[in-house]
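Below, each value reflects all heavy atoms present in this structure, side chains not excepted, and no hydrogens, waters or symmetry copies. Everything quoted here is computed from the prediction, not taken from an experiment.
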Amino acid sequence: MSNNRYDDRYDDDDRYDETYDEAYADGYDEAYAESYDEEYDDPYDEYEDDLAVRREPVRRAAPKKPEIRKQTSRYKENKRKRLARLITVYAFVTILVFAGLYLFYRMCHSDKEKYREEGITAVKSGSYEKALECFQKSLNEEQWFSRDMDLDTKMYMGACYLRLSRYSEASSIYHLLSLEESKVVDQAVVASMLETAEANQLLQEIKEKEDAKPDFVTIDRLKTMAASDSSLYLYLASAYNRRGEYALATDAVKKYAQEHAMNSYVAYELSAACLREEKPDEAAKYVEQGLAAADGIYKDLLQYNQVIILETQGKYDEAFQMIAALHTQYPENTDMLREFTFLDSRINTDPQPVNPFSDALTDQEWEAIRRKLEGN
């Protein structure tokens with residue numbers, strides 16, 4: 001019985017708890033909501049109202065939809081133009097860069113050296129006209145850092161002008177070189193070659209003005225001038241050579257050589273004069289000096305004189321070997337060809353008979369023919 005009363009009381013307590021929980025929860029939620037509104041909602045509402053008041057002028061001043069479209073369109077157009085300008089500038093800069101690189105390459109790498117090497121090869125073969133064409137092409141090529149190369153090319157051109165007897169042009173180019181300061185320009189050689197060119201230029205002018213040989217007044221005037229200026233002895237020698245007075249020409253060249261450094265032209269003139277006077281040993285001395293000279297412009301002519309000296313001394317084998325090498329290097333030189341042919345006939349003559357009929361006969365048959373011809 002007691003158990004049932006307890007159970008009934010326990011059930012009443014459960015109902016009480018449920019009622020209390022519901023009442024408490026409702027009260028707590030309402031109290032919390034009121035507290036939250038007071039602490040958060042009201043200030044936030046006031047903030048929103050204040051923000052709305054401050055936004056109102058901005059809203060009124062804001063552009064309408066058509067204006068927004070125009071602004072958007074204008075912005076896109078400006079953006080497109082900026083992009084186009086950027087592309088244009090980029091393309092222009094790219095072209096400039098490539099053009100600059102190409103220009104730099106062309107100015108540092110050209111055919112200048114190729115033409116120069118072709119010219120040097122032509123000089124070595126005696127083709128001086130072709131060499132001048134190649135050298136001029138080399139000078140016409142624009143290239144940075146090529147000053148020394150161009151000066152050396154002009155030195156070669158001066159040598160070509162001398163060998164072609166274009167003394168006026170040789171004088172001009174040597175005069176310009178005399179004003180240059182460079183390690184590739186030997187001023188001693190330039191000065192010597194300039195005097196050589198000017199001396200021969202004077203002789204050419206005499207030939208052009210006078211059909212006859214230079215008169216004695218010209219010779220006397222040169223002799224007087226040379227007494228105070230030794231460089232004029234070359235002029236005097238040229239005048240003597242024109243007259244055919246080779247001994248006097250040789251003396252004039254010797255006087256020049258006493259006062260000035262020996263160059264290949266002077267050595268050649270002296271060696272040639274000694275050969276005309278049949279003095280091969282003295283000629284050999286001048287040939288040796290000429291081959292040792294710094295310019296080397298008349299080296300081939302000195303070597304040719306060396307061949308003549310060896311031939312005069314009876315050294316045909318040595319002379320033939322030298323003229324064969326010169327003929328190979330200068331195949332168009334007629335003097336060297338003639339000397340080569342002559343020495344070839346002296347060295348390579350076949351001592352055996354070349355008649356096939358005579359080769360077929362025995363000594364007894366030849367003896368019988370001899371007796372028959374003698375009538376025995």
Side-chain angles (χ1 to χ4, degrees), residues 114-135 138 152-153 155-167 170 189 193 196-197 200 241 246 250 253 262-352 354:
K114 183 191 76 170
Y115 288 132
R116 180 176 177 276
E117 291 300 323
E118 290 176 358
I120 293 174
T121 301
V123 168
K124 291 179 178 179
S125 66
S127 304
Y128 300 109
E129 290 285 1
K130 180 181 177 181
L132 283 174
E133 292 179 5
C134 294
F135 289 142
S138 176
D152 190 58
T153 299
M155 290 287 289
Y156 276 106
M157 292 182 74
C160 291
Y161 286 134
L162 281 177
R163 295 304 305 273
L164 292 170
S165 299
R166 294 164 61 174
Y167 299 114
V189 172
M193 291 299 103
T196 300
N200 285 280
N241 278 327
Y246 301 117
T250 302
V253 175
M262 180 68 70
N263 63 41
S264 60
Y265 171 77
V266 172
Y268 166 70
E269 289 291 341
L270 289 173
S271 63
C274 291
L275 285 173
R276 286 193 298 266
E277 297 173 6
E278 299 182 358
K279 298 178 180 178
D281 293 337
E282 188 175 353
K285 180 185 69 174
Y286 289 121
V287 167
E288 184 179 352
Q289 293 179 8
L291 292 175
D295 59 280
I297 295 176
Y298 291 85
K299 179 181 177 180
D300 57 323
L301 297 181
L302 287 165
Q303 290 175 323
Y304 177 78
N305 281 355
Q306 196 172 22
V307 171
I308 302 302
I309 293 168
L310 293 171
E311 179 189 329
T312 304
Q313 295 172 341
K315 301 176 181 179
Y316 297 112
D317 289 335
E318 191 175 346
F320 178 73
Q321 291 178 5
M322 185 172 291
I323 196 63
L326 286 172
H327 174 58
T328 301
Q329 187 173 353
Y330 305 97
E332 298 179 2
N333 188 304
T334 55
D335 292 335
M336 293 180 182
L337 174 60
R338 183 168 55 251
E339 186 65 17
F340 172 79
T341 304
F342 169 73
L343 288 174
D344 183 55
S345 66
R346 294 294 298 268
I347 298 299
N348 297 317
T349 301
D350 189 357
Q352 300 298 325
V354 295

Exercise for the section: State whether the number of non-hydrogen atoms from other residues, nucleotides or ligands found under 6.0 Å of Lys114 atom NZ is greater than 12. Expected result: yes
Completion exercise
For Ala293 and Met262 the tightest heavy-atom approach is CB-O, 3.7 Å
Exercise for the section: Hey, could you give me the OH/CG distance between Tyr286 and Leu275, rounded to the nearest 0.5 Å? Expected result: 12.0 Å
Practice task
Could you tell me the separation between the CD atom of Gln306 and the CD1 atom of Ile323, rounded to the nearest 0.5 Å?
Solution key: 11.0 Å
Exercise for the section: Work out which heavy atom in Leu162 is nearest to a heavy atom in Ala197; give both atom names and the distance. Expected result: CD2-CB, 3.7 Å
Practice task
For residues 307-317, pull every pair meeting side-chain hydrogen bond (donor to acceptor under 3.5 Å, both in side chains), keeping only residues two or more places apart or in separate chains.
Solution key: Asp281-Gln313, Tyr316-Arg346
Problem - Heavy-atom side-chain contact between Tyr161 and Leu132 under 4.5 Å - result: yes
Table please: side-chain donor-acceptor pairs of residues 264-271 below 3.5 Å, with sequence neighbours left out.
from, atom 1, to, atom 2, distance (Å)
Ser264, OG, Asp295, OD2, 2.2
Ser264, OG, Ile297, N, 3.3
Ser264, OG, Tyr298, N, 3.1
Tyr265, OH, Asn200, OD1, 3.3
Tyr265, OH, Asn200, ND2, 3.4
Tyr265, OH, Glu269, OE2, 3.4
Ser271, OG, Ala267, O, 3.1
Ser271, OG, Tyr268, O, 2.8
Ser271, OG, Asn305, ND2, 2.8

Exercise for the section: Nearest 0.5 Å please: distance from the OG atom of Ser345 over to the CZ atom of Phe320. Expected result: 9.5 Å
Handout entry: salt bridge (charged side-chain N to carboxylate O under 4.0 Å, His left out) against Glu318, all qualifying residues, sequence neighbours excluded
Key = none
Fill in the blank from the handout: By side-chain hydrogen bond (donor to acceptor under 3.5 Å, both in side chains), Tyr128 pairs with (sequence neighbours left out) Arg163
Fill in the blank from the handout: Quick note, side-chain hydrogen bond (donor to acceptor under 3.5 Å, both in side chains) partners involving residues 320-337, not counting sequence neighbours, are Asp335-Arg338
Fill in the blank from the handout: All heavy atoms of Ile309 vs all of Pro280, minimum pair found to be CG2-O, 3.8 Å
Problem - Closest non-hydrogen atom pair, Gln303 against Met322 - result: O-SD, 3.9 Å
Fill in the blank from the handout: Ala131 and Cys160 have their tightest heavy-atom pair at CB-SG, 3.9 Å
Practice task
Please report the C-alpha distance between Glu339 and Leu326 in whole Å, then the side-chain angles of each, then the deciding distance to 0.1 Å, and finally whether the side chain to side chain contact (heavy atoms under 4.5 Å, CB included) criterion is met.
Solution key: CA-CA 10 Å; Glu339 186 65 17; Leu326 286 172; over 6 Å; no
Practice task
Decide yes or no for Met336 and Val307: does some side-chain heavy atom of the first lie under 4.5 Å from some side-chain heavy atom of the second?
Solution key: no
Exercise for the section: Give a yes or no on whether the backbone of Leu337 and the side-chain of Thr341 come within a donor-acceptor separation of less than 3.5 Å. Expected result: yes
Handout entry: Steps toward side chain to side chain contact (heavy atoms under 4.5 Å, CB included) verdict (Phe135, Ile120)
Key = CA-CA 8 Å; Phe135 289 142; Ile120 293 174; 4.1 Å; yes
Exercise for the section: Pick out which of Glu133, Arg116, Glu117 makes a side chain to side chain contact (heavy atoms under 4.5 Å, CB included) with Ser138. Expected result: Arg116
Handout entry: Sequence-distant partners of Thr250, side-chain hydrogen bond (donor to acceptor under 3.5 Å, both in side chains), two or more places apart
Key = none
